[in-house]
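So the structure is just underneath, and the comments pick up after that.
Just so it is clear: chains get the letters A, B, ... in the order the sequence lines come, proteins before strands, and each one is counted from 1.
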2 protein chains.
Amino acid sequence: MAARDYGQYGGVARSLELVGERWALLIVRDLLVGPRRYSELAAGLPRIPSNILATRLRELQEGGVLRRVPHSRVIVYELTEVGRALEPAVLALGAWGLAALGAPRDDQVATADSLTIDLRSAFRPAVAAGLPPTAYTARFGTTELHIRVRGAALEVERGGGECDLAFAAGPDIRSLLSGELAPELAIATGVVEVLRGRGRLLTRFATTFRLVA
Amino acid sequence: MAARDYGQYGGVARSLELVGERWALLIVRDLLVGPRRYSELAAGLPRIPSNILATRLRELQEGGVLRRVPHSRVIVYELTEVGRALEPAVLALGAWGLAALGAPRDDQVATADSLTIDLRSAFRPAVAAGLPPTAYTARFGTTELHIRVRGAALEVERGGGECDLAFAAGPDIRSLLSGELAPELAIATGVVEVLRGRGRLLTRFATTFRLVA
DNA sequence: CGGGATCCCTTAGGATACTG
DNA sequence: CAGTATCCTAAGGGATCCCG
């Protein structure tokens with residue numbers, strides 16, 4: 001009835017029984033950004049077979065992690081309170097994975113939802129709290145995100161919008177966020193292209209979002 | 001070469017490729033407590049087939065999460081720096097799973113290592129920082145742990161030792177840690193049996209370690 | 001068109017036995 | 001003790017099809 005279990009009585013084992021199956025935490029990741037429909041989830045997880053997506057949604061629902069909400073004609077999946085409580089764990093995993101990330105291969109995609117969670121994983125509230133409110137528009141490949149930092153609060157939304165700095169970033173933005181590449185150099189070498197606003201704010205961006213703790 | 005991948009470029013997907021395979025995070029969990037030999041890992045994960053354990057150890061080594069250290073005749077597995085960086089993620093998952101834990105079934109075991117991580121998941125450093133140093137000896141079933149809290153620091157070791165309070169706890173200690181059951185009632189109902197020391201300290205224990213944050 | 005279900009094949013996982 | 005080897009089952013993957 002529960003997913004196949006580990007025969008252990010403990011927190012980690014229980015978590016893995018509920019959300020440890022393949023693809024499950026990626027579904028949770030996308031739902032942490034907001035409620036999504038089946039087809040949106042499928043689009044954000046291009047390689048998931050549709051039967052697996054359906055199976056995982058059912059299992060996660062039975063485990064109390066998410067619920068199906070019928071909205072007139074369409075069905076929307078959203079996290080329950082229990083499911084939202086996974087956020088710290090998902091962000092911690094995200095932060096660890098970001099540090100272990102190499103260069104993107106060309107068979108890999110970065111979706112809006114995954115980028116959003118990546119930003120939240122790399123966000124440093126304690127640092128941001130000491131900085132003035134700032135809005136960025138960031139374009140990664142074809143997806144554009146509107147990022148607003150107000151004190152220790154972060155909001156990320158799809159699409160552009162009013163901002164203090166708009167930039168387009170290539171994959172090497174990793175080196176900017178890891179501190180290997182100075183912001184001025186990132187601009188000079190074309191890793192980051194300033195589209196609008198004050199390029200100096202890229203320094204603030206790079207201290208607000210950072211890999212490795 | 002890497003584990004089968006998700007076709008996504010992002011922190012969470014990368015983490016899951018490295019430590020998302022079945023059993024992998026339970027191995028990491030036990031190694032977070034300390035270096036372990038193959039047979040110790042096998043004993044702590046009673047249901048893992050030995051070929052799977054061997055496969056996981058190899059994959060985790062290739063992923064840079066752990067290393068094999070030959071010690072004269074025996075081989076010891078220990079986490080690398082990268083592997084130890086998984087601690088926040090494992091503890092976050094542990095805390096979430098603890099909150100989702102029901103009563104133990106009799107086909108489930110609780111090992112010393114899993115109990116140790118559970119305690120670390122439930123530990124509240126901010127609360128502990130305001131309390132005097134305290135040492136506990138806790139017996140869960142047949143395993144005994146020596147727990148020392150000094151300010152915001154926690155140490156958990158196998159076995160007993162000098163302590164301010166020694167107690168034996170049944171599975172229902174869950175309700176104590178979740179706040180459903182008052183410490184006095186836990187003692188009165190036999191959920192917790194005080195073996196030595198001041199039973200009043202159980203209240204301190206229950207505020208130092210707590211489910212749900 | 002959204003939300004799946006079915007089919008078939010490949011691969012990983014599980015149980016057990018065995019070896020340097 | 002620290003793993004391989006083998007065999008079998010069950011889960012994942014990919015394509016296609018279906019139904020309201």
Can you give the donor-acceptor pairs under 3.5 Å from side chains of residues 154-163 of chain A to other protein atoms, not counting sequence neighbours?
{"residue": "Glu155(A)", "atom": "OE1", "partner": "Arg148(A)", "partner atom": "NH2", "Å": "2.8"}
{"residue": "Glu155(A)", "atom": "OE2", "partner": "Arg150(A)", "partner atom": "NH2", "Å": "2.9"}
{"residue": "Glu157(A)", "atom": "OE2", "partner": "Arg148(A)", "partner atom": "NH2", "Å": "3.4"}

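At whole-Å resolution of the value, CG in Leu66(B) and P in dA2(D) are 15 Å apart. Rounded to an integer number of Å, the gap from OH of Tyr38(A) to C1' of dA5(C) is 9 Å. If you take CG of Leu16(A) and P of dG13(C), they are 14 Å apart, rounded to a whole angstrom.
Applying the salt bridge (Lys or Arg N to Asp or Glu O under 4.0 Å) definition to pairs two or more places apart or across chains, those involving residues 88-109 of chain B are Asp5(A)-Arg105(B), Arg105(B)-Asp107(B). Sorted by first and then second residue, the pairs that involve residues 32-45 of chain B and meet side-chain hydrogen bond (donor to acceptor under 3.5 Å, both in side chains), not counting sequence neighbours, are Arg36(B)-Asp113(B).
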Protein and nucleotides 14-16 of chain C: nitrogen or oxygen contacts under 3.5 angstrom:
{"residue": "dG14(C)", "atom": "OP1", "partner": "Arg22(B)", "partner atom": "NE", "Å": "2.6"}
{"residue": "dG14(C)", "atom": "OP1", "partner": "Arg22(B)", "partner atom": "NH2", "Å": "3.1"}
{"residue": "dG14(C)", "atom": "OP2", "partner": "Trp23(B)", "partner atom": "NE1", "Å": "2.9"}
{"residue": "dG14(C)", "atom": "O6", "partner": "Asn51(B)", "partner atom": "ND2", "Å": "3.4"}
{"residue": "dA15(C)", "atom": "N6", "partner": "Asn51(B)", "partner atom": "ND2", "Å": "2.9"}

Under the 3.5 Å Watson-Crick or G-U criterion, the dot-bracket string of DNA chain D, with | for inter-strand pairs
.|||||||||||||||||||
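For Arg56(B), a side-chain nitrogen or oxygen approaches OP1 or OP2 of dG13(C) to under 4.0 Å. Proximity of Arg68(A) to the phosphate of dG3(C): no side-chain N or O atom is located under 4.0 Å from OP1 or OP2. For dC1(D), the OP1/OP2 oxygens have no side-chain nitrogen or oxygen of Ser39(B) closer than 4.0 Å.
Counted within 6.0 Å of CZ on Arg139(B), heavy atoms from surrounding residues, nucleotides or ligands total 12 or fewer; the atom is thus considered open.
Considering only residues two or more places apart in sequence or on other chains, Phe205(A) meets the ring pair (Phe, Tyr, Trp, His ring centres under 6.0 Å) condition with Tyr136(A), Phe167(A), Phe209(A).
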